[in-house]
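Structure first, then comments.
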Amino acid sequence: MFNDIWIARKSALSLARTLMVATMVIAVGTQYAVITADDHDNSLTIVNEYDPFG
C-alpha cells in the first residue's frame, strides 16, 4: 500500500515494464495499491492503468 499517488504510479509503471503485464493503480480508502489486470474486480476504483504493449 502506498500513501503517495506518485510513488504508486511509478511502481505500477515499473512493474508493467518488468513483468510485461498490464497493471493498475487502485484506491483503497485513503491509500493506493498496485495490482495486475488479472486481479481486477468490478468493485475496485481504478486510478491509473498501465499497458506495456500500448
- prompt: If you round to the nearest 0.5 Å, how far is CG of Leu44 from CD1 of Ile35?
  reply: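 It is 5.0 Å, given to the nearest 0.5 Å.
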Next item on the list: Applying side-chain hydrogen bond (donor to acceptor under 3.5 Å, both in side chains), name anything that partners Asp38, two or more places apart in sequence or on another chain.
Entry: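 Scan of Asp38 (side-chain hydrogen bond (donor to acceptor under 3.5 Å, both in side chains), adjacent residues dropped) gives none.
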Same cluster or not: [X] versus [Y], using hydrophobic residues (I, L, V, M, F, W, Y) connected whenever any side-chain heavy atoms lie under 4.5 Å apart?
X: Phe2; Y: Val28; result: no
X: Leu13; Y: Val25; result: yes
X: Ile7; Y: Ile26; result: no
X: Phe53; Y: Met24; result: no

Legend entry - side-chain hydrogen bond (donor to acceptor under 3.5 Å, both in side chains) partners of residues 12-33, not counting sequence neighbours, each pair once: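 Residue pairs with at least one partner in residues 12-33: Asn3-Gln31.
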Suppose the criterion is side-chain hydrogen bond (donor to acceptor under 3.5 Å, both in side chains): which pairs have a residue in residues 41-54, not counting sequence neighbours?
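Qualifying pairs: Arg9-Asn48, Asp41-Ser43.
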(request) Locate the shortest heavy-atom distance separating Ala8 from Val34; write the atom from each residue and the value. (result)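 Scanning both residues, the minimum pair turns out to be O-CG2, 3.6 Å.
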